[in-house]
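These numbers were taken from a predicted model, which means no experiment stands behind them.
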Amino acid sequence: MDKVVNKLTEKPISEIASDGVMSRVLIEIQKLNQETGVDVTWFSKAMNLFTFFNNIETGFGHAKACILYLIKERWEDLEYEVRRQYDLSFMTFARRLTGKENSTIDNWMRVAKVWLMPDGARPAFEVPVVQREANGKPKVDEYGKQIVQYESFDPYKVDMTKLLLLTNKASSGAMTDRLWELAADPYYTCEDIRHEIVNGAGDGSPVLKYILVGPDIYATRDGESVPVITADEGINWDAFYYGDGLEKEAIQELLHRLGIKLDEDVIYDANHQLYGQKD
């Protein structure tokens, strides 16, 4: 008995639980693979498994973004010895943990802050979602009227990219009824949301643009304008490192377009390459 307990405690409970889930997943897939008949029942089982896994993937992905956001908010309060392992840099920690680039991690942070925390953006009403046939065609009642189901908005069921596209609208209180519908209804794509923002719900193009005003460079989007580089102060590095608004995003995007890496990225990439080599 003691041997069993010792073996179990060698791993964190979270790892044991995730291993158990993956074992169950593989068992279900193997059972599906071993069935000889390929009929409606088999297809239904496959679809049910896919839907379950897809929903879990979306929700767990959002949960990971929330955990990273919580760590980021408390990073400077962590003990020095903890932060020192990651060169005192939250981004080094996050990149090491996720394997993602800075821009992706920053996007996760924005989505977590605006949408995924308990006080995140929510509509003041239940969102109407059109019921559809398997091919996407709306279901209709006996009078030819579309059948609509009203649902509470749950950001943990919405694709991360969709939420990211709508983050600026949500943070500025500019979400419309139609945008809430497009976000909640899985039938609609990111392209549908982009089209609605440009043609139906926006007061300007959602595309980030740069303009030259005298010796200064400004970034504009959705009617908002912020300085990116000024003749007097150069780049506002405080906004880049510690902010979370349009100015930070504009500086990050400009550096990306110019192919400029920050010092922390150069150090991270060098260490990543060095530590990835075999002896």
Side-chain angles (χ1 to χ4, degrees), residues 54-70 72-73 94 98 100-132 136 138 148-210 219-226 239 243-253 256:
N54 190 61
N55 290 341
I56 291 295
E57 178 185 17
T58 300
F60 281 6
H62 291 2
K64 288 196 303 182
C66 280
I67 296 299
L68 282 176
Y69 174 74
L70 291 175
K72 177 179 181 291
E73 289 296 289
T98 65
K100 304 297 183 180
E101 297 296 325
N102 288 25
S103 57
T104 299
I105 294 169
D106 276 330
N107 287 339
W108 285 9
M109 299 298 95
R110 294 174 59 213
V111 169
K113 179 180 180 181
V114 174
W115 292 103
L116 303 178
M117 301 305 292
D119 59 349
R122 302 289 189 274
F125 54 88
E126 290 192 321
V127 182
V129 177
V130 176
Q131 301 302 291
R132 301 180 183 276
V148 175
Q149 180 174 324
Y150 288 83
E151 302 177 358
S152 297
F153 182 78
D154 184 356
Y156 278 84
K157 294 182 179 179
V158 182
D159 180 78
M160 179 73 77
T161 306
K162 267 190 173 185
L163 294 177
L164 181 61
L165 285 172
L166 292 167
T167 294
N168 292 321
K169 290 294 184 184
S171 60
S172 62
M175 288 288 290
T176 65
D177 290 359
R178 181 58 176 166
L179 287 177
W180 284 116
E181 292 176 27
L182 296 180
D185 191 337
Y187 174 80
Y188 293 108
T189 66
C190 292
E191 189 58 36
D192 293 321
I193 291 177
R194 291 189 185 97
H195 184 270
E196 176 66 16
I197 290 175
V198 173
N199 297 291
D203 53 3
S205 170
V207 177
L208 182 65
K209 296 181 179 179
Y210 297 91
T220 65
R221 184 178 61 200
D222 274 347
E224 183 182 1
S225 179
V226 295
D244 59 5
L246 178 59
E247 189 168 7
K248 172 186 177 70
E249 184 182 350
I251 295 172
Q252 183 182 60
E253 177 63 21
H256 175 72

ask   = SG/Cys190 to CG/Leu164 distance, rounded to the nearest 0.5 angstrom?
value = 9.0 Å
message = With no hydrogens and no angle check, just 3.5 Å: does a side-chain donor-acceptor pair link Gln252 and Asn102?
response = no
request  = Could you label the plane-to-plane angle of the Phe153 and Trp115 rings as parallel, tilted or perpendicular, counting under 30° as parallel and over 60° as perpendicular?
outcome  = tilted
request  = Go through the steps for Leu68 and Met109 under the test side chain to side chain contact (heavy atoms under 4.5 Å, CB included), then give the verdict.
outcome  = CA-CA 7 Å; Leu68 282 176; Met109 299 298 95; 3.3 Å; yes
message = With a 4.5 Å cut-off on side-chain heavy atoms, are Lys248 and Asp106 touching?
response = yes
Interatomic distance, Phe125 atom CZ to Asp177 atom CG [nearest 0.5 angstrom] = 4.0 Å
query = What's the spacing between Glu181 CD and Ile193 CD1 if we round to 0.5 Å?
reply = 11.5 Å
ask   = Roughly how far, to the nearest 0.5 Å, is CD1 of Ile251 from CG of Leu246?
value = 9.5 Å
ask   = Sequence neighbours excluded, which residues qualify as side-chain contact (heavy atoms from CB on, under 4.5 Å) partners of Gln149?
value = Gln131, Glu151
task = Indicate yes or no: at least one non-hydrogen side-chain atom of Glu73 is less than 4.5 angstrom from one of Leu70.
result = no
request  = For Asn107, check side chain to side chain donor-acceptor pair (under 3.5 Å) against everything at least two apart and list the hits.
outcome  = none
ask   = How far apart are the closest heavy atoms of Val158 and Ala183, and which atoms are they?
value = CG1-O, 3.5 Å
query = Are the side chain of Lys162 and the backbone N or O of Leu182 linked by a donor-acceptor pair below 3.5 Å?
reply = yes
task = Taking all non-hydrogen atoms of both residues into account, name the closest pair between His62 and Pro155 and its distance.
result = CD2-O, 3.1 Å
key: Gap separating the CD1 atom of Ile105 from the CZ atom of Arg110, nearest 0.5 angstrom   = 14.5 Å
ask   = Rounded to the nearest 0.5 Å, how far apart are CE of Met175 and CG of Asn168?
value = 11.5 Å
inquiry  = With a 4.5 Å cut-off on side-chain heavy atoms, are Arg122 and Ser152 touching?
reply    = no
inquiry  = What I'd like to find out is whether the side chain of Glu253 reaches to under 4.5 Å of the side chain of Tyr210, using heavy atoms alone.
reply    = yes
request  = For residues Lys100 and Trp108, determine if any side-chain heavy atom of one lies less than 4.5 Å from a side-chain heavy atom of the other.
outcome  = yes
query = Where is the tightest heavy-atom contact between Asp192 and Thr189, given as atom of each residue plus distance?
reply = OD2-N, 2.9 Å
ask   = Taking the side chain as C-beta and beyond, is there a heavy-atom pair between Leu179 and Ile197 under 4.5 Å?
value = yes
query = Given side chains that start at C-beta, do those of Thr58 and Tyr156 come closer than 4.5 Å, heavy atoms only?
reply = no
task = Considering non-hydrogen atoms only, spot the tightest contact between Pro128 and Tyr150 and give its length.
result = CB-CE2, 3.6 Å
remark   = All heavy atoms of Ala112 vs all of Ala65, minimum pair found to be CB-O, 3.7 Å
task = Please examine the side chains of Leu116 and Leu163, heavy atoms only from C-beta on, and report whether any two atoms are closer than 4.5 Å.
result = yes
